[in-house]
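Keep in mind it's a predicted model, so treat the numbers as computed, not measured. Scope of the values below: all heavy atoms of this structure, side chains included, with no hydrogens, waters or symmetry mates.
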Amino acid sequence: MDRIRLRGGGPLEGTIPISGAKNAALPLMIASLLTDETLTLENVPRLRDVQQLFHILANHGTDWSVEGKRAGQNDMTGQTVHLCARAIVDTTAPYELVSTMRASFWVIGPLVARMGVARVSLPGGCAIGTRPVDFFIQGLEQLGAEIEIDQGYAIARAPNGLVGARIDLPRVSVGATHTLLMAAALAKGETLITNAAREPEVVDLANCLIAMGAKIEGAGTSEISIQGVERLRGARHRVLPDRIETGTYAMAVAMTGGDVTLEHARGDLLTAPLAILERAGAEISETNRGIRIRRNGAGIAAVDVETDPFPGFPTDLQAQFMALMTTAKGTSHITETIFENRFMHVQELARLGANIHLDGQVATIEGVERLRGAPVMATDLRASVSLVIAGLVAEGETTINRVYHLDRGFERLEDKLGRCGADIERISG
Ligand code: EPZ
């Protein structure tokens, strides 16, 4: 299993190209199941989760191909992917394929909408909470599907097609919004989703569906209305830049000091985290190339943060921000409101010398003078990268085990940081 070895050092200087967003690419790829024509996606990141989803979609009968360069080459531009589900040959998404990635459960929406039946293994994914699927099931039932849970599978049936309905989501759910949006696009009549997720990735999916012929209004607000259509067609769509990757590198620069341009990044996708970073002492500006982040030697101030659905501070940046706060001047509090078990990085950061006290959903971080390198291990994607951020300033050597978590969501992380002066390498095997 690969490891990452880091030696804490000086500031980061240079340019980091920001990839297409993983959490937009995944639902966009799944949307290809809604049509028998080709969906072409540009700027798809080279990630393990994307690769895994190719396998899942292929199992349903999707033909896919990738244009251009492959991972391992120097080119940092995203890949262009063609997906064509001309005929759905299998409406089952089996456990072996679905268990490692929660987003693969989302195929249930397009499959039942187009084929009238879907049998999808209940999901796995990052171990950050119980992550039930009750909103998906209730929502699909409201659209007229019959749902049965049998031997670890959710089976949805709607032999006469789905019918538009009003769906009030009990709380904001990104995945349920994506799934119900896709299902409602092919339902008969009008659907209204209230308390919908407002995340930019939902807007990206809606824009792609509109290009495919769907009639959708209100994406990006908490009320989305969808007028179902009989069929959708192929389209070409560019995946938006990854706001979590952007925020992660912005925090890395805030941590080490330096001056880095995050190329292709869009500030409007992460207003809340950038405002917090400014309060902590980073200088941020938008340029025609992306976002420039600078910090001089003055150090970082402690700032309190609470995670919230978009446009709030994203839970997917909580671990990274905690790493930053470990060496801030003073005491900060981080409250996690989205997932009940998303503090697994705390004990690993403590191994590097961080002083963190956990009380339920609130972490209190007393900034320390310095961190010291150690072997660490993380159990989810964003937790792993928080250890990279800490390792960038820790004295001596930090080894991060189980790098496959990082490979699920960060494209060529060690290359991108290495080019900006970080002392970082991947050790294979
Ligand atoms: C998406 O997960 C993201 N994943 C997550 O990113 C992200 O942390 C999360 O949204 C919140 O922003 C992808 O986009 C692939 P939710 P999702 O449904 O859709 C509860 C990463 O690191 N809930 O918005 O699975 C749920 O348990 C990943 O890239 C129910 O109770 O999250 C959670 O507490 C990790 N019942 C809350 O809602 C349901 O049926 C929000 O989850 C569905 C959700």
Side-chain angles (χ1 to χ4, degrees), residues 11-25 28 40-47 67-69 73-81 198-208 210-211 219-220 235-296 298 300 310-311 313-314 316-317 320-321 324 385 389 392 409-413 415-422:
L12 294 170
E13 307 274 349
T15 299
I16 297 181
I18 297 300
S19 298
K22 167 182 85 83
N23 288 350
L28 287 165
T40 298
L41 298 174
E42 297 170 3
N43 201 30
V44 174
R46 296 174 175 85
L47 298 171
E67 259 179 40
K69 301 194 175 176
Q73 293 183 290
N74 285 334
D75 187 36
M76 289 269 194
T77 57
Q79 48 193 350
T80 297
V81 169
R198 290 182 280 166
E199 268 63 6
E201 294 75 20
V202 170
V203 178
D204 210 32
L205 174 65
N207 286 341
C208 178
I210 290 167
R236 191 174 184 100
H237 180 84
R238 186 170 177 81
V239 179
L240 90 175
D242 196 317
R243 65 193 166 100
I244 305 303
E245 192 195 24
T246 305
T248 300
Y249 289 125
M251 285 180 202
V253 179
M255 186 78 169
T256 60
D259 185 348
V260 171
T261 294
L262 304 172
E263 214 174 27
H264 318 304
R266 268 176 51 190
D268 61 312
L269 304 181
L270 67 168
T271 311
L274 293 183
I276 295 279
L277 280 178
E278 279 182 327
R279 277 177 56 201
E283 274 178 64
I284 296 168
S285 52
E286 285 212 54
T287 72
N288 54 7
R289 290 176 59 212
I291 294 174
R292 181 174 176 196
I293 170 142
R294 278 175 290 176
R295 181 175 74 73
N296 60 25
I300 277 287
F310 191 84
F313 189 96
D316 289 350
L317 285 174
Q320 299 90 315
F321 188 70
L324 177 62
V385 86
I389 292 178
L392 285 172
F410 288 93
E411 186 173 358
R412 300 169 63 185
L413 171 112
D415 266 13
K416 291 187 182 184
L417 285 172
R419 286 172 187 217
C420 291

#### Entry: Which residues share a ring pair (Phe, Tyr, Trp, His ring centres under 6.0 Å) with F321, sequence neighbours left out
F313
Measuring from [X]:[atom1] to [Y]:[atom2], what's the distance to the nearest 0.5 Å?
{"X": "E13", "Y": "T261", "atom1": "CD", "atom2": "OG1", "answer": "10.5 Å"}
{"X": "I18", "Y": "E411", "atom1": "CD1", "atom2": "CD", "answer": "10.5 Å"}
{"X": "N23", "Y": "L240", "atom1": "CG", "atom2": "CG", "answer": "10.0 Å"}

Taking the side chain as every heavy atom from C-beta outward, state whether [X] and [Y] have any atom pair closer than 4.5 Å.
{"X": "R266", "Y": "R243", "value": "no"}
{"X": "C420", "Y": "I16", "value": "yes"}
{"X": "R295", "Y": "V253", "value": "no"}
{"X": "I291", "Y": "L274", "value": "yes"}
{"X": "Y249", "Y": "L413", "value": "yes"}
{"X": "V260", "Y": "T15", "value": "no"}
{"X": "L269", "Y": "T246", "value": "no"}

Looking at every non-hydrogen atom in both residues, tell me the closest pair between [X] and [Y] and how far apart they are.
{"X": "V44", "Y": "A25", "result": "CG1-CB, 4.4 Å"}
{"X": "A254", "Y": "A282", "result": "CB-CB, 4.4 Å"}
{"X": "L47", "Y": "G409", "result": "CD2-C, 3.5 Å"}
{"X": "S285", "Y": "R294", "result": "OG-NH2, 4.2 Å"}

#### Entry: CA sep, side-chain torsions, deciding dist, call: R292, D259, salt bridge (charged side-chain N to carboxylate O under 4.0 Å, His left out)
CA-CA 7 Å; R292 181 174 176 196; D259 185 348; 2.7 Å; yes
For [X] and [Y], indicate whether the former's side chain and the latter's backbone hold a donor-acceptor pair under 3.5 Å.
{"X": "N43", "Y": "R238", "value": "no"}
{"X": "D204", "Y": "A24", "value": "no"}
{"X": "E199", "Y": "F310", "value": "yes"}
{"X": "D242", "Y": "K22", "value": "yes"}

### Query
Do T248 and Q320 meet the criterion of a side-chain donor-acceptor pair at a distance under 3.5 Å?
yes
### Message
Set out, in order, the CA-CA distance, both residues' side-chain angles and the distance that settles side chain to side chain contact (heavy atoms under 4.5 Å, CB included) for T80 and R236, then state yes or no.
### Response
CA-CA 10 Å; T80 297; R236 191 174 184 100; 4.0 Å; yes
### Query
Who passes side-chain hydrogen bond (donor to acceptor under 3.5 Å, both in side chains) against E245, sequence neighbours left out?
K416
### Task
Take L277 and M251 through the side chain to side chain contact (heavy atoms under 4.5 Å, CB included) test and state the conclusion after the steps.
CA-CA 7 Å; L277 280 178; M251 285 180 202; 3.9 Å; yes
#### Entry: Option from L41, I210, T40 for which side-chain contact (heavy atoms from CB on, under 4.5 Å) with H237 holds
L41
